[in-house]
Number of protein chains: 2
Amino acid sequence: MSAVTIKSLQHRGLPFQVGGKLWIECKGKKFFGPGPVELLELIQKEGSIIKAARAMGLSYKKAWAIIDSANRMTARPLVITQSGGKKGGGTLVTDEAKKLIIYHRSLRKRFEQFLKNETKRLNR
Amino acid sequence: MSAVTIKSLQHRGLPFQVGGKLWIECKGKKFFGPGPVELLELIQKEGSIIKAARAMGLSYKKAWAIIDSANRMTARPLVITQSGGKKGGGTLVTDEAKKLIIYHRSLRKRFEQFLKNETKRLNR
DNA sequence: AGTCGTTATATTTATAAAGATATGACGATA
DNA sequence: TATCGTCATATCTTTATAAATATAACGACT
């Protein structure tokens with residue numbers, strides 16, 4: 001039995017937590033990971049995708065991909081974009097998007113509570 | 001206003017769902033994604049990592065990485081491995097692991113209920 | 001001593017994801 | 001019509017992840 005390996009302890013105090021991630025999906029394809037809501041909020045604030053991306057430290061390309069993907073899945077558009085014009089263009093978020101933002105905020109709160117409860121249950 | 005883009009609808013009926021993923025983490029580092037529990041269950045059933053891996057369609061390497069990572073984070077080992085011996089060796093799961101498996105099953109049930117509730121809330 | 005199937009690790013090869021850069025279209029305004 | 005900043009897309013490069021392959025140690029058993 002001398003070759004039996006007993007891997008030993010890293011965290012004796014067992015600081016275990018239940019973690020998780022939520023998203024909204026459409027036919028199995030997720031379109032609201034962690035970033036998108038913040039991105040929409042920033043677009044609402046900044047008025048353009050490129051400014052929102054910079055504010056989040058994302059490349060425009062990445063930001064655009066997120067928005068485009070989400071936008072393709074909703075019945076009504078989440079954003080209205082305009083290229084050209086007064087200040088080069090810009091992007092507005094629709095009421096549809098605003099509703100989603102609000103829902104997602106409350107969802108996140110409930111989820112955090114869920115995780116907290118589960119962590120308690122795990123450690124008792 | 002002619003350059004204004006209105007992205008149009010993919011899913012008119014709005015079959016939105018709330019999806020998610022849970023894991024158990026240790027100091028911010030996750031060690032129980034979706035696969036590990038099933039893997040542990042299969043190890044328990046099969047008696048070896050390599051057989052469990054095959055049963056799940058994983059490479060041994062991947063399976064071992066999962067087990068090793070998890071094993072390093074618990075105070076007591078999740079598995080006891082033996083190389084060499086009667087049938088080449090094998091792996092046993094400890095009581096620690098069995099407890100985790102049981103907890104994780106019940107956790108998943110509660111999470112599914114949570115997701116179901118949230119999906120309802122989202123669509124009303 | 002040689003065989004066997006497993007654990008454990010290293011090395012290499014593919015594949016995928018992410019990042020950087022470049023370019024054109026757009027339209028109000030000057 | 002020339003300029004501007006933004007939207008939108010394409011291409012290339014880099015990085016990270018995953019898969020495939022190879023190899024050594026192990027110990028009961030014959």
Side-chain angles (χ1 to χ4, degrees), chain A residues 1-8 21 23 29-31 33-36 39-40 42-73 77-94 97, chain B residues 1-8 21 23 29-31 33-36 39-40 42-73 77-94 97:
Chain A
M1 271 292 207
S2 69
V4 170
T5 305
I6 307 259
K7 299 259 185 183
S8 66
K21 197 178 153 186
W23 58 81
K29 196 179 175 198
K30 73 174 82 163
F31 82 115
L39 189 55
L40 277 179
L42 282 169
I43 290 173
Q44 185 173 15
K45 184 183 167 198
E46 304 281 352
S48 85
I49 295 175
I50 199 169
K51 283 178 190 162
R54 280 199 281 259
M56 273 186 76
L58 295 180
S59 66
Y60 170 81
K61 187 190 164 181
K62 177 87 181 176
W64 186 84
I66 290 170
I67 294 303
D68 183 58
S69 160
N71 219 29
R72 286 177 184 282
M73 289 186 181
L78 295 174
V79 297
I80 295 175
T81 66
Q82 179 177 1
S83 70
K86 202 169 187 177
K87 305 176 81 178
T91 298
L92 296 172
V93 307
T94 64
Chain B
M1 272 290 208
S2 68
V4 170
T5 302
I6 309 258
K7 298 260 183 181
S8 64
K21 194 177 153 185
W23 57 79
K29 195 179 178 201
K30 74 175 83 161
F31 81 116
L39 189 54
L40 278 179
L42 282 170
I43 290 172
Q44 185 172 16
K45 185 183 166 197
E46 304 280 353
S48 85
I49 295 174
I50 199 171
K51 282 179 192 163
R54 280 200 280 259
M56 273 186 76
L58 296 179
S59 67
Y60 171 82
K61 187 191 164 182
K62 177 85 180 177
W64 186 84
I66 290 170
I67 293 303
D68 184 59
S69 161
N71 218 32
R72 286 177 184 283
M73 290 184 178
L78 295 175
V79 297
I80 295 175
T81 65
Q82 181 179 358
S83 70
K86 202 169 183 176
K87 304 175 77 176
T91 298
L92 296 173
V93 306
T94 65

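Chain A is the first sequence line, chain B the second, and so forth, proteins listed ahead of strands; every chain is numbered from 1.
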Just the atom pairs and distances: protein N or O near nucleotides 22-24 of chain D's N or O, under 3.5 Å.
none

Under 3.5 Å, which N/O atoms of the protein pair with N/O atoms of nucleotides 15-21 of chain C?
from	atom 1	to	atom 2	distance (Å)
dG19(C)	O6	Lys61(A)	NZ	3.0
dA20(C)	N6	Lys61(A)	NZ	3.3

For the pair made of CD1 in Ile80(B) and P in dA8(C), what is the distance, rounded to whole Å?
12 Å

What residues from residues 42-49 of chain B pass a heavy-atom cutoff of under 4.0 Å to DNA chain D?
none

Give the rounded distance in Å between these two atoms: NZ of Lys86(B) and C1' of dG5(C).
14 Å

Under 4.0 Å from OP1 or OP2 of dG27(C): is there any side-chain N or O of Ser83(A) that close?
no

Choosing from dA8(D), dT6(C), dT6(D), which nucleotide comes nearest the side chain of Arg54(B)?
dT6(C)

Kindly write out the residues that satisfy side-chain contact (heavy atoms from CB on, under 4.5 Å) with Lys86(A), not counting sequence neighbours, or none if the list is empty.
none

Tell me whether the side-chain N/O atoms of Lys51(B) come closer than 4.0 Å to OP1 or OP2 in dT6(C).
yes

Within this structure, what is the CD1-to-P distance between Ile67(B) and dT6(C), rounded to whole angstrom?
16 Å

In whole angstroms, how far is the C1' atom of dA10(C) from the CG atom of Asp68(B)?
15 Å

Side-chain heavy atoms of Ile67(A) within contact of Ile43(A), under 4.5 Å:
yes

Starting the side chain at C-beta, find the nucleotide from dT6(D), dC7(D), dT7(C) nearest to Thr81(A).
dC7(D)

Using the test side-chain contact (heavy atoms from CB on, under 4.5 Å), find all partners of Ala70(A) that sit at least two apart in sequence or belong to another chain.
Phe31(A), Phe32(A), Leu78(A)

Atom CD of Gln82(A) and atom C1' of dT6(D): how far apart are they, to the nearest Å?
10 Å

Range-with-range stems for DNA chain D, at least three Watson-Crick or G-U pairs under 3.5 Å
C:1-30 with D:1-30

